[in-house]
Participant: 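Take a look at this one; I'll ask things after.
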Amino acid sequence: MAESSSGRIDTVMHEARLFPPTAEFASKARIKSLEEYQQIWDRAAQDPEAFWDEAARSELHWFEPYTEVLRWQEPFAEWFVGGKTNASYNCLDAHLTTERADKIALIFEGEPGDQRTYTYRQLHAEVCKFANVLTAQGITTGDVVSIYMPMVPELVIAMLACARIGAVHSVIFGGFSAEAIADRNHDASAKLQITADGGWRRGKQLALKQTVDQALEKSPTVTKCIVLKRVGNEVSMQAGRDFWWHELMEAASADCPATPLDSENSLFILYTSGSTGKPKGIRHTTAGYNLYAKKTFEWVFDHRDDDIYWCTADCGWITGHSYVVYGPLSAGATVLIYEGAPNHPAEDRFWDLIERHKVTILYTAPTAIRAFIKWGDDHVKKHDLSTLRLLGTVGEGINPEAWMWYHRMIGAERCPIVDTWWQTETGGIMMSPLPGAIPTKPGSCTKPLPGIIPDIVDHSGNSVDANQGGWLVITHPWPGMLRGIWGDDKRYQEQYWSKVPGKYLAGDNARRDDDGYYWIMGRIDDVLNVSGHRLSTIEIESALVSHPAVAEAAAVGRPDDLKGEAIAVFVTLKGVEPTDALRNDLKQHVRKEIGALAQPDDIRFTNALPKTRSGKIMRRLLRDIAAGRQTVGDTTTLEDYSVLASLQHEE
Ligand code: PRX
């Protein structure tokens, strides 16, 4: 893609609405005002090591104290050097000597409606037993365990059991193919596989074990497989390799002290698709990650002991690692997990879950919110959502009109919304409103958390002015940062640390407004270059979503002789008929909202947009379609191939 040399991006968005926290919310919050936030942030920025040192001492259990807070040899960081801790201990044992011992840690609801709860004491016992099972299968500190399971409590138990003995988990989302599992198992040299006979999704059984059987044919390093009985279907069990979870657990002891582990012991690998080619195994380690997940959970969700917290992410993603497991459990929260789809048996399942379980905090993704908008308000209105006090979003930018719907329809204009910007690589939330302190603006992730020092730079690495878009970088190491790409230091260095020397390159464009608020503008590779102006995808998309007929939109550039690139948009509608009149109306609407420059050249209506399995719009594939290219790029992370096929076969 052609780029201007400065790398600056033009903003066309004019969002001026401001929502301060209510006095009621602020008075009970951990951080109660903008001034208080600013004081903490300033103190952390002056001396980040001292700030994190203080936090690590009070927040984690240390079997042995560390001797150095940060050892930084760019781009390689070690945090809390020489210390020994254990993430499973911090999530479980730490609560057993407190009044939280018999507090509910997990509330589980399966898609068919089955329910189970675990107190911290019960979860601890299960984790200890499964840790003993893993040890008996020959797993020890440093071994990689591959996990391919539905979203059930045993997935959390498996992760924490690995953490307990220092084994490194690699969770692979239950929607991935046999090929994807085999690639990841191979890259990580995984020794053992954990899976289930199946899982429930939209009333159907996912044949997880069958997929694993195919994957293991191509995973020579994996010699053992433990299978949880979840759906009760017939599966083939290979003698000597495959073992039933319940049979191994029957014989296991619940006595398993947590192994004191080096701060920098690998806690997990999580594969994330790069923009091209082979997935990267993002490596996170024990102490820094655990501390960061815990602190950010407490700050951003303003956790209180009586909260019922629901993060709808699957543990196959980083959000599930940090904000279903390690953050909330270290903080002693009660966490709801749900196995199935949001529209099974009907489109009100989420609201039904919130009403019945009295959820107080909901953390979900913009893609889900846009689906709820499309399904209609009636599903929401059937339910009492008055227990909710805080809402969050993650994974993509949220269009301001979708934010407003979330605010009005789900939050009843009462609940603050935390729009959290972060990445698999960052380990935890980097920028977000602190809900009692920072007034929100729809579509902005607002300000950096304490200890995080971002900047926006041009292609020469110089900071740009307010309201200029540029590359988002982080200027100082933080405890939750990735420690590298598994087995590929060179790619780690090149991808994150080479374009802007000394700074972490996030790969997103952003701008900072006059109030110091950050606005994410989309991935660097997705910028549109129209007549010499570089435009952000989200701004054009948000203008479209502000039209009453539009549910969802994706904007991409396609080659144009005159303008360099023309703007092509793909639009899904809220149940109205696609017509030429509507197409013209949408063009005029964008022109009116953000200007003639950003007026789309082509508008294509579609029933659905191609998305990754975690719900992100795959603009890269849409670029190929808009340009009329026959063969599109790598589609292995595509969630529903038929969406792409139907786009390709349309006129
Ligand atoms: O482009 C940003 C977008 O998601 C990317 C990170 O994706 P992943 O590693 O899958 O992690 C998702 C869960 C943390 C970012 O580089 N992104 C994530 N959150 C936001 C966002 N874009 C805008 N606003 C957000 N709140």
Participant: Are R558 and D602 ion-paired here, with the side-chain N under 4.0 Å from a carboxylate O?
Facilitator: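 Salt bridge between R558 and D602, a charged N being under 4.0 Å from a carboxylate O: yes.
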
Participant: To the nearest 0.5 Å, what is the distance between CD1 on I417 and CG on L391?
Facilitator: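 I417 atom CD1 to L391 atom CG measures 5.5 Å (nearest 0.5 Å).
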
Participant: Tell me yes or no: between the side chains of S444 and T446, is some donor less than 3.5 Å from an acceptor?
Facilitator: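 Note: S444 and T446 side chains miss the donor-acceptor criterion.
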
Participant: Any carboxylate oxygen within less than 4.0 angstrom of a Lys/Arg side-chain nitrogen, looking at R583 and D580?
Facilitator: yes

Participant: Are any of the side-chain heavy atoms of T11 and W519 separated by less than 4.5 Å?
Facilitator: no

Participant: Less than 4.0 angstrom from a charged side-chain N to a carboxylate O is my criterion; do R414 and E24 meet it?
Facilitator: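 Salt bridge between R414 and E24, a charged N being under 4.0 Å from a carboxylate O: no.
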
Participant: Is the gap between the ring centers of H321 and W317 under 6.0 Å?
Facilitator: no

Participant: Got K592 and H589 here, is their nearest side-chain heavy-atom distance under 4.5 Å?
Facilitator: yes

Participant: Determine, for E401 against R17, whether the closest basic-nitrogen to carboxylate-oxygen distance falls under 4.0 angstrom.
Facilitator: yes

Participant: Just by distance, with hydrogens left out, do W351 and D384 show a side-chain donor and acceptor under 3.5 Å apart?
Facilitator: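 There is no such pair between these side chains.
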
Participant: Is K382 salt-bridged to D378, going by a charged N under 4.0 Å from an acidic O?
Facilitator: no

Participant: Within the 3.5 Å criterion, strictly below it, is a donor on N343 or R349 matched to an acceptor on the partner's side chain?
Facilitator: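 Per modelled atom types, N343 and R349 side chains form no pair under 3.5 Å.
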
Participant: Measuring from Y338:OH to I354:CD1, what's the distance to the nearest 0.5 Å?
Facilitator: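 The CD1 atom of I354 is 12.0 Å from OH of Y338, to the nearest 0.5 Å.
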
Participant: Tell me whether E109 is salt-bridged to R116, with the criterion being a basic N under 4.0 Å from an acidic carboxylate O.
Facilitator: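 Not counted as a salt bridge, because no side-chain N and carboxylate O are separated by less than 4.0 Å.
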
Participant: Would you mind reporting whether K616 and K611 have side-chain heavy atoms less than 4.5 Å apart?
Facilitator: no

Participant: If you measure only the distance, is there a donor-acceptor pair under 3.5 Å linking the side chains of R534 and N529?
Facilitator: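 No - no donor-acceptor pair under 3.5 Å links their side chains.
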
Participant: Do T606 side-chain atoms and T572 backbone N/O form a donor-acceptor pair below 3.5 Å?
Facilitator: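 No.
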
Participant: Would you tell me whether E396 and T367 have side-chain atoms, one donor and one acceptor, within less than 3.5 Å of each other?
Facilitator: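 The criterion, which ignores hydrogens and geometry beyond distance, is not satisfied for T367 and E396.
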
Participant: Is the NZ or CZ atom of R184 positioned over F176's six-membered ring, under 6.0 angstrom from the centre and within 45° of the axis?
Facilitator: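 Geometry flag: set, cation within 6.0 Å and 45°.
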
Participant: Identify the heavy atoms of G340 and R201 that sit nearest to each other, and give their distance.
Facilitator: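 G340 and R201 have their closest heavy atoms at O-NH1, 3.2 Å.
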
Participant: Less than 4.0 angstrom from a charged side-chain N to a carboxylate O is my criterion; do R408 and E413 meet it?
Facilitator: no

Participant: What heavy-atom pair brings A554 and I617 nearest, and what distance separates the two atoms?
Facilitator: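 Reported closest heavy-atom pair: CB-CG2, 3.7 Å.
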
Participant: Dump the intermediate steps for side chain to side chain donor-acceptor pair (under 3.5 Å) on T360 and R389, then the final yes or no.
Facilitator: CA-CA 5 Å; T360 59; R389 66 176 194 90; 4.6 Å; no

Participant: If only atom types and distance count, is the side chain of D307 paired as donor or acceptor with the main-chain N or O of Y309 below 3.5 Å?
Facilitator: no

Participant: Is there a donor-acceptor contact under 3.5 Å from the side chain of D513 to the main chain of Y517?
Facilitator: yes

Participant: Tell me whether the count of non-hydrogen atoms from other residues, nucleotides or ligands lying under 6.0 Å of CD in Q210 goes above 12.
Facilitator: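 Open.
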
Participant: Which is it for T364 and T393 under the side chain to side chain contact (heavy atoms under 4.5 Å, CB included) test, yes or no, and what are the steps along the way?
Facilitator: CA-CA 5 Å; T364 193; T393 69; 5.6 Å; no

Participant: Do any N or O atoms from the side chain of Y406 and from the backbone of G392 form a donor-acceptor pair under 3.5 angstrom?
Facilitator: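 Such a contact is found between Y406 side chain and G392 backbone.
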
Participant: What I'd like to find out is whether the side chain of W403 reaches to under 4.5 Å of the side chain of F19, using heavy atoms alone.
Facilitator: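 Yes, their side chains come closer than 4.5 Å.
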
Participant: Are the side chains of T272 and P279 in touch, meaning some heavy atoms are under 4.5 Å apart?
Facilitator: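 They are not in contact (no side-chain heavy atoms under 4.5 Å apart), so the answer is no.
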
Participant: Go through V394 and W422 one step at a time and tell me if the side chain to side chain contact (heavy atoms under 4.5 Å, CB included) criterion holds.
Facilitator: CA-CA 8 Å; V394 58; W422 60 295; 3.2 Å; yes

Participant: Output the distance between atom OG1 (T312) and atom CE (M151), rounded to the nearest 0.5 Å.
Facilitator: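 The distance works out to 9.0 Å.
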
Participant: State plainly whether the residues R620 and D526 are in salt-bridge range, i.e. N to O under 4.0 Å.
Facilitator: no

Participant: How many angstroms lie between atom CZ of F570 and atom CG of L544, to the nearest 0.5 angstrom?
Facilitator: 12.5 Å

Participant: Set out, in order, the CA-CA distance, both residues' side-chain angles and the distance that settles side chain to side chain donor-acceptor pair (under 3.5 Å) for Y323 and T296, then state yes or no.
Facilitator: CA-CA 9 Å; Y323 299 111; T296 53; 2.6 Å; yes

Participant: Once you round to the nearest 0.5 Å, how far does CD1 of I318 lie from OG1 of T424?
Facilitator: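 The distance works out to 5.5 Å.
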
Participant: Please report the closest heavy-atom contact between I594 and V12, naming both atoms and the distance.
Facilitator: CG2-O, 3.1 Å

Participant: Using side chain to side chain donor-acceptor pair (under 3.5 Å), reason through D508 and W421 one step at a time and then give a plain yes or no.
Facilitator: CA-CA 10 Å; D508 283 340; W421 177 83; 2.8 Å; yes

Participant: Any side-chain to backbone donor/acceptor pair from R8 onto G470? Under 3.5 Å, distance only.
Facilitator: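 Checked: no pair found.
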
Participant: Would you check if the side chain of E565 reaches a backbone N or O of L528 as a donor-acceptor pair within less than 3.5 Å?
Facilitator: no

Participant: Do D114 and R230 meet the salt-bridge criterion of a basic N to acidic O distance under 4.0 Å?
Facilitator: yes

Participant: Salt-bridged, D515 to K441, with N to O below 4.0 Å?
Facilitator: yes

Participant: Which of these passes ring-ring contact (aromatic ring centres under 6.0 Å, His included) with F350: W375, W310, Y363?
Facilitator: W310

Participant: Quick check against the 3.5 Å criterion: does T387 have a side-chain atom that pairs as donor or acceptor with the backbone of V359?
Facilitator: yes

Participant: Just by distance, do the side chain of S432 and the backbone of V418 share a donor-acceptor pair under 3.5 Å?
Facilitator: no

Participant: Does any N or O in the side chain of K209 come within less than 3.5 Å of the main-chain N or O of T195, such that one atom is a donor and the other an acceptor?
Facilitator: no

Participant: Determine whether V527 and N509 satisfy the following criterion, side chain to side chain contact (heavy atoms under 4.5 Å, CB included), listing intermediate values before the conclusion.
Facilitator: CA-CA 8 Å; V527 168; N509 288 310; 2.9 Å; yes

Participant: Between E179 and Q214, is a side chain to side chain contact (heavy atoms under 4.5 Å, CB included) present by the stated rule, with each step listed?
Facilitator: CA-CA 8 Å; E179 205 65 42; Q214 290 163 17; over 6 Å; no

Participant: Would you say N399 and S546 make side-chain contact, with heavy atoms under 4.5 Å?
Facilitator: no

Participant: Please check: side-chain N/O of T22 versus main-chain N/O of F25, any donor-acceptor pairing under 3.5 Å?
Facilitator: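 Yes, the answer is positive, given that a donor and an acceptor are paired below the 3.5 Å cut-off.
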
Participant: Measure the spacing between CZ of R511 and CG of D465 and express it to the nearest 0.5 Å.
Facilitator: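 R511 CZ to D465 CG: 13.5 Å, rounded to 0.5 Å.
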
Participant: Can you find a heavy atom in the side chain of L449 that is under 4.5 Å from one in the side chain of M431?
Facilitator: no

Participant: Hey, are the side chains of I520 and I538 touching, using non-hydrogen atoms and a 4.5 Å cut-off?
Facilitator: no

